[in-house]
Amino acid sequence: MIYDVAVIGAGPAGLAAGLYAARAKLSTVVFEKMFPGGQAALTHKIENYPGFPEGVNGMELTDAMKQQVEKLGAEFVNGDVEKIDKNGDLFTVFLKGESFKAKTVILATGAQPRKLGVKGEKEFIGRGISYCATCDGAFYKDKPIAMVGGGDTAIQEALYLTRFASTVYVIHRRNELRATKILQEHAFKNEKIKFIWDSIVKEIKGKDGVEEVVFENVKSGKQDSISVDGIFVAIGYTPNTEFAKDLVQLDEQGYIITDERMKTKTPGLFAAGDVRQKPLRQVVTAVADGAIAAVEAGKFLENSEG
């Protein structure tokens, strides 16, 4: 079978793309290597998505999106896309052991959490180091933990972690947070959150699990350490573009460059959501990107077949 639209990634951008493509009666397949919803599904409470004055659980929101897409007839395939090729007018999407053909492709692969790159990190991933507070926060009931980062995600997750931990140490390389003001206000008011300013993590120590984090003050060069049972990291993301890098143009950070219609440098190939170069990465902008990409894919098909 040759699909009209192949969507790679089932986060908010991919789900919105699948929705708009399926509603346009285009044969649509959505690939996802983990679970629908992407990073948004791991967010305990999304407070800035329109229509939910009390906030909404990320898993509930994205699950509803998936159901809506399935109801319209789009297919979902679980698997890790390893490569995309274009031969003539058709794309071939390669997964391990199988391949699919499509007339257009929408890249909505998002980005993965950036690592610290320090001694001890690799050894303790899954044994005290986590990149997802909602996944692992409950393991640290009444225990001291650290959160590395100062942006929206770091502070949102630090606040969530106070539900479980005895203390949440926020280690940030600057002397002020980058998170939105309302999140800062919540964090500063929370007695469980303690800030370690102007500092970067240098090493993570422990035996069977994390026991200590060593950090360095970037101004004085002085090193110190605190005892913690877990470390959560939220210092940004690396876009998932490796498998498609030959078909797209990337910026210096590895994000896909598109125009306002989500078009990449390859005709028939679009990008949407956190994987593309953009000024704001939020669920609401990802959904908008996905909708635009699907509509533009439909127009591309009409023009190429007309």
Side-chain angles (χ1 to χ4, degrees), residues 39-40 42-48 55 58 110-121 124-125 128-137 140 143-204 210 212-239 252-255 274 278-285:
Q39 298 290 334
L42 302 176
T43 303
H44 175 70
K45 190 175 184 180
I46 298 172
E47 294 185 305
N48 54 3
Q112 59 186 344
R114 189 174 296 148
K115 306 294 191 296
L116 290 168
V118 301
K119 185 178 179 181
E121 180 179 27
F124 291 111
I125 291 176
I129 296 179
S130 173
Y131 306 89
C132 174
T134 51
C135 304
D136 301 319
Y140 298 94
K143 296 178 180 179
I145 58 176
M147 166 59 72
V148 185
D152 281 356
T153 300
I155 302 308
Q156 283 175 334
E157 296 205 340
L159 287 163
Y160 173 75
L161 289 167
T162 60
R163 296 166 177 249
F164 310 103
S166 58
T167 304
V168 178
Y169 296 97
V170 174
I171 302 172
H172 185 42
R173 66 183 304 129
R174 298 179 177 84
N175 61 1
E176 60 182 8
L177 299 174
R178 292 180 291 109
T180 54
K181 293 299 182 184
I182 190 166
L183 287 174
Q184 292 190 39
E185 290 173 6
H186 290 328
F188 292 142
K189 288 178 182 177
N190 195 306
E191 295 181 354
K192 283 190 173 183
I193 296 179
K194 312 296 181 185
F195 292 93
I196 299 175
W197 301 108
D198 296 318
S199 298
I200 57 174
V201 174
K202 297 297 288 185
E203 185 179 354
I204 297 160
V210 169
E212 181 182 6
V213 56
V214 179
F215 54 90
E216 179 181 282
N217 187 287
V218 297
K219 293 182 177 178
S220 68
K222 180 183 177 183
Q223 291 194 0
D224 204 346
S225 67
I226 51 172
S227 297
V228 293
D229 286 66
I231 300 171
F232 290 80
V233 181
I235 56 172
Y237 293 86
T238 300
E252 63 276 5
Q253 294 180 302
Y255 290 97
D274 288 3
K278 58 192 298 186
L280 180 64
R281 292 183 174 88
Q282 294 283 301
V283 174
V284 68
T285 61

In Å, rounded to the nearest 0.5 Å, how long is the span from OG1 of Thr153 to CD1 of Ile235? 12.0 Å
What one should report as the nearest heavy-atom pair of Gln39 and Pro113 is NE2-CD, 3.9 Å
Nearest 0.5 Å please: distance from the CG atom of Asp152 over to the OG1 atom of Thr43. 11.0 Å
Test item: Arg114 and Thr238 side chains (from C-beta on) under 4.5 Å apart, heavy atoms: yes
NZ on Lys222 to CG on Asp198, rounded to 0.5 Å: 13.5 Å
Any side-chain heavy atom of Ile125 sitting closer than 4.5 Å to one from Lys115? yes
For Gln112, does the CD atom sit with more than 12 other heavy atoms under 6.0 Å from it, leaving out its own atoms? yes
Taking Thr162 as the fixed residue, which of Thr167, Asn190, Ile145 is the one that meets the side chain to side chain contact (heavy atoms under 4.5 Å, CB included) rule? Asn190
Nearest heavy-atom approach of Cys135 to Leu42 is SG-CD2, 3.6 Å
Give the minimum heavy-atom separation between Ser227 and Pro144, together with the two atoms involved. O-CG, 3.9 Å
Which atom of Thr134 lies closest to which atom of Tyr160, heavy atoms considered: CA-CE2, 3.5 Å
Can you say whether the rings of Phe195 and Trp197 are parallel (under 30°), tilted (30 to 60°) or perpendicular (over 60°)? parallel
Pairs touching residues 220-239 that satisfy ring pair (Phe, Tyr, Trp, His ring centres under 6.0 Å), sequence neighbours left out: Tyr140-Phe232
Kindly say whether Asp274 contributes a backbone atom to a donor-acceptor pair with the side chain of Arg281 at under 3.5 angstrom? yes
Looking at every heavy atom in both Ser199 and Ile171, which two are closest together, and how far apart are they? O-CG2, 3.7 Å
CD1 of Ile226 to NZ of Lys194, rounded to nearest 0.5 Å, is 12.0 Å
For Lys143 and Gly230, indicate whether the former's side chain and the latter's backbone hold a donor-acceptor pair under 3.5 Å. no
Could you grab the distance from atom CD1 of Ile200 to atom NE2 of His172, nearest 0.5 Å is fine? 12.5 Å
Flag the pair Ile193 / Leu159 as yes when at least one side-chain heavy-atom distance between them is below 4.5 Å, and no otherwise. yes
When you measure from the side chain of Glu203 to the backbone N and O of Gly120, does any donor-acceptor pair fall under 3.5 Å? no
Measuring only between side-chain heavy atoms, which start at C-beta, is Val213 closer than 4.5 Å to Val148? no
Which pair of non-hydrogen atoms, one from Lys278 and one from Thr285, has the smallest distance, and what is that distance? NZ-OG1, 3.2 Å
Quick one: pull up NZ in Lys45 and CD in Gln156 and give me the separation to the nearest 0.5 Å. 11.0 Å
